[in-house]
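This structure is in structure tokens; I'll ask about it shortly.
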Amino acid sequence: MVDTKSTVDDFPTEIPCHPRDELERRILRKLDLRMSILLVLNTMNLIDRTNISNARLQGFEKDLHLHGPQYATTLSILFVGYIIMQVPGNMFLHWLERPSVIIPSCMLAWGTISVLTGITTNYTGVLVARFFLGFAEAPFLPGIVFLISKWYKRDEVALRITLVACGFFLSSAFGSLFAAAILNGMEDKLGQAAWRWLFYIEGGITIVVAICAIFILPDFPHNTMWITPEERALIISRLAEDDCGKDDELEKQTTMQGLRDAVCDWKVWWFSVAAMFQIVGQSFFAYFPTLCATLGYDTTVTLLLCAPPWVFAGIVAFALTWYSDKKRRRYKYFVVSNALCALGFVISVFTMNKAARYISLFLMAPVISGYLVLLGWVNNTFAREPAKLAVAIAMTNSLGQTGSIIGSYVWPSSWGPTYRYSYAVCIATLGVSTGMFGCMYLHLRRLNEQIERDERDVKDIKELREPIGFRYLV
């Protein structure tokens with residue numbers, strides 16, 4: 001691990017000085033431009049993960065002779081590999097310190113696996129492909145969240161995560177449009193079913209994008225080659241100021257120390273279990289085309305109808321996370337997104353009216369914005385300990401993804417087309433997650449009050465456990 005303090009001290013004194021505000025704006029513009037490639041990467045990540053739900057509308061189950069719960073198992077098996085690799089993947093990223101290599105390499109792997117999914121001929125083949133797809137995708141999301149946390153201040157993180165997560169909205173909205181074009185125009189081309197072309201084309205695009213990303217993505221502030229020494233010094237100093245001064249001992253933690261500290265901190269486990277309930281409540285994501293299909297339209301129209309709710313969700317996510325960063329608050333905005341989603345569930349439970357059910361999809365989709373605020377909240381809570389943060393992000397997301405395994409079985413065809421029982425399960429799990437995060441909110445707020453009292457009453461600054469001015473974002 002490079003000692004960032006000594007790195008700053010070693011900068012040559014002849015570096016030209018620019019007004020700080022001007023230099024800060026310049027480096028943030030440069031950094032945001034480079035980081036924007038993460039939006040494209042995330043879009044392809046989610047397209048390759050969810051294209052199976054679009055393929056389902058065009059003969060996927062029939063051609064592979066799937067029956068009973070086998071389709072649900074092909075969805076859930078991805079998250080087994082996903083859960084296994086997330087913590088090791090982020091630990092390796094923290095140790096190697098080369099996200100510009102690790103993230104695109106993972107992308108090359110899952111793009112190749114996505115292409116190979118198109119040649120599967122039976123249940124076993126697609127099951128194996130989906131397992132290794134999850135294995136390859138696992139380091140991606142916690143890796144990019146950790147990468148963002150190493151460059152931006154705590155009140156800049158949630159909005160940046162949302163900008164990257166726009167890939168989710170783009171993949172959900174325009175991925176459906178792209179899938180509609182392929183499924184409508186590629187049937188029997190070269191003797192291949194249209195759903196197979198869906199995997200070939202989208203996996204191939206992923207491989208090309210991954211190769212480009214190697215030359216665009218940054219590493220960490222101390223080892224990125226395309227920033228000047230002056231810019232490097234500013235980035236490191238602004239992060240230290242945001243954290244009220246880094247603790248050198250925490251900065252020098254090894255990857256294994258970070259693992260130990262994360263595993264021994266009950267807050268990491270609490271975030272993880274609460275995230276699991278939250279993700280069960282969001283399990284309708286994987287079945288969104290199926291829920292649109294209950295409106296009674298053909299495949300092309302159904303996929304076109306999937307787009308507008310996700311465009312709306314993207315607008316809500318921008319507004320919610322921007323305001324969350326601006327006000328330096330997390331929990332209240334998380335509650336707002338869950339409340340909107342629960343309202344959408346209730347509408348769908350009580351009516352089969354087409355207009356009402358379609359409006360309910362607009363209310364349900366923005367729940368993803370609450371999860372983005374949550375990722376920012378986890379980041380803020382453990383920001384002072386980089387090694388621990390890398391593990392905490394991965395643990396929260398990986399253990400939380402057990403909710404995806406459970407959620408894959410919450411939407412059986414036998415509960416359709418109303419899916420009332422499915423919606424009821426989701427309402428209950430969102431209630432549990434909201435309550436659990438509410439407990440964390442109260443705990444962190446109490447810690448902030450204790451820190452404030454300590455600062456007021458202490459006689460010797462060295463006796464303080466936290467730097468002066470440090471507060472948890474709640």
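When a residue number appears, it is its place in the shown sequence, counting from 1. As the structure is a computational prediction, the values presented were derived from the model and not from experiment.
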Measure from NZ or CZ of Lys354 to the centre of the six-membered ring of Tyr297, then state whether that distance is under 6.0 Å and the direction lies within 45° of the axis.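 Yes, Lys354 lies over the aromatic ring of Tyr297.
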Can you tell me how far the CE atom of Met35 sits from the CG atom of Leu147, to the nearest 0.5 Å? 4.0 Å
Do Phe288 and Trp411 make the cut of ring centroids closer than 6.0 angstrom?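 Distance test on ring centres: not under 6.0 Å, no.
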Could you report the tightest heavy-atom contact between Thr381 and Lys267, atom names first, then the distance?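 The answer is CG2-CE, 4.2 Å.
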For Arg34, look at atom CZ and say whether over 12 heavy atoms of other residues, nucleotides or ligands are found less than 6.0 Å away.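 Above 12, so yes.
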Quiz question: by atom type and distance under 3.5 Å, do the side chains of Ser348 and Tyr419 form a donor-acceptor pair? no
So for atom CE, which belongs to Met256, do other residues, nucleotides or ligands contribute more than 12 heavy atoms lying within a distance under 6.0 Å? no
Closest heavy-atom contact between Cys341 and Leu430?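 For Cys341 versus Leu430, the nearest heavy atoms are SG-CD1, 3.8 Å.
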May I ask you to decide if Gly134's main-chain N or O and Glu137's side chain share a donor-acceptor pair within less than 3.5 Å?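 A pair under 3.5 Å: no.
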Does the separation of the ring centres of Tyr358 and Phe362 fall below 6.0 angstrom?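 Between Phe362 and Tyr358, which both carry aromatic rings, the centre distance is below 6.0 Å.
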Does atom CH2 of Trp415 have more than 12 heavy-atom neighbours from other groups under 6.0 Å away?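 Enclosed.
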Under 3.5 Å donor-acceptor, Thr206 side chain and Glu202 backbone: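 Yes, the answer is positive, given that a donor and an acceptor are paired below the 3.5 Å cut-off.
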Please verify the inter-ring angle class for Phe140 with Trp110; under 30° counts as parallel, over 60° as perpendicular, anything in between as tilted. perpendicular
Hey, could you give me the OG/CZ distance between Ser369 and Phe318, rounded to the nearest 0.5 Å? 12.0 Å
Compute the centroid of each ring, for Trp151 and then for Phe146, and state whether the two points are separated by less than 6.0 Å.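 No, ring centres 6.0 Å or more apart.
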The test is side-chain contact (heavy atoms from CB on, under 4.5 Å); show your working for Leu127 and Thr74 and say whether it passes. CA-CA 5 Å; Leu127 205 64; Thr74 63; 4.2 Å; yes
Does Ile279 offer a backbone N or O that forms a donor-acceptor pair with the side chain of Tyr371 under 3.5 Å? no
Using a cut-off of 6.0 Å, state whether more than 12 heavy atoms not belonging to Phe132 lie near its atom CZ. no
Consider only side-chain N and O atoms of Tyr409 and Thr73, and report whether a donor and an acceptor are under 3.5 Å apart.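 Per modelled atom types, Tyr409 and Thr73 side chains form a pair under 3.5 Å.
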Side chain of Trp197, backbone of Glu187: donor and acceptor closer than 3.5 Å? no
Trp310 vs Phe285, test: ring-ring contact (aromatic ring centres under 6.0 Å, His included). Steps then yes/no. CA-CA 10 Å; Trp310 292 116; Phe285 291 167; 5.5 Å; yes
Above 12 or not: heavy atoms from other molecules or residues under 6.0 Å from OH of Tyr323? no
Rounded to the nearest 0.5 Å, what's the gap from CG on Asn54 to CD1 on Ile182? Could you check?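 Going from the CG atom of Asn54 to the CD1 atom of Ile182 covers 9.5 Å.
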Separation of Leu374 CG from Phe271 CZ (nearest 0.5 Å):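 Nearest 0.5 Å value for the CZ-CG distance: 6.5 Å.
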Evaluate the ring planes of Phe199 and Trp195, with Trp represented by its six-membered ring, and classify them as parallel (under 30°), tilted (30 to 60°) or perpendicular (over 60°). perpendicular
Check: Thr290 main-chain N/O paired with Thr294 side-chain donor or acceptor under 3.5 Å: no
Please answer whether the main-chain N or O of Lys388 pairs with a side-chain N or O of Arg260 as donor and acceptor at a distance below 3.5 Å. no
Is it the case that Glu97 and Asn223 place a side-chain donor and acceptor less than 3.5 Å from each other? no
Using the side-chain contact (heavy atoms from CB on, under 4.5 Å) rule, take Leu141 and Tyr82 through it: C-alpha gap first, then chi angles, then the decisive distance, then the call. CA-CA 10 Å; Leu141 181 59; Tyr82 196 75; 3.9 Å; yes
Within the 4.5 Å heavy-atom criterion, are Pro412 and Pro69 side-chain neighbours or not?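 Answer no - side chains too far apart.
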Would the distance check show the side chain of Ser283 and the main-chain N or O of Ser408 forming a donor-acceptor pair, the cut-off being under 3.5 Å?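 Side chain of Ser283 to backbone of Ser408: no pair is present.
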Between the CG atom in Leu163 and the OG atom in Ser36, the distance rounded to the nearest 0.5 Å is 9.5 Å
From CA spacing to verdict: salt bridge (charged side-chain N to carboxylate O under 4.0 Å, His left out), Lys150, Asp219: CA-CA 9 Å; Lys150 297 292 284 185; Asp219 290 312; over 6 Å; no
Does Ile207 reach the side chain of Thr112, with side-chain heavy atoms less than 4.5 Å apart? yes
Please check if atom OH in Tyr331 has more than 12 non-hydrogen atoms from other residues, nucleotides or ligands closer than 6.0 Å.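 Enclosed: over 12 neighbouring heavy atoms sit under 6.0 Å from OH of Tyr331.
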Do Leu320 and Ser337 make a side-chain contact, defined as non-hydrogen atoms from C-beta onward lying under 4.5 Å apart?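 A side-chain contact exists here, since the closest heavy-atom pair is under 4.5 Å.
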Taking atom CE of Met364 and atom CG of Leu291, what is their separation to the nearest 0.5 Å?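 With rounding to 0.5 Å, CE (Met364) is 5.5 Å from CG (Leu291).
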Give the ring-plane orientation class for Phe284 versus Phe345, where under 30° counts as parallel, over 60° as perpendicular and anything between as tilted.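 If you compare the ring of Phe284 with that of Phe345, the planes turn out perpendicular.
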Kindly say whether Thr351 contributes a backbone atom to a donor-acceptor pair with the side chain of Arg357 at under 3.5 angstrom? yes
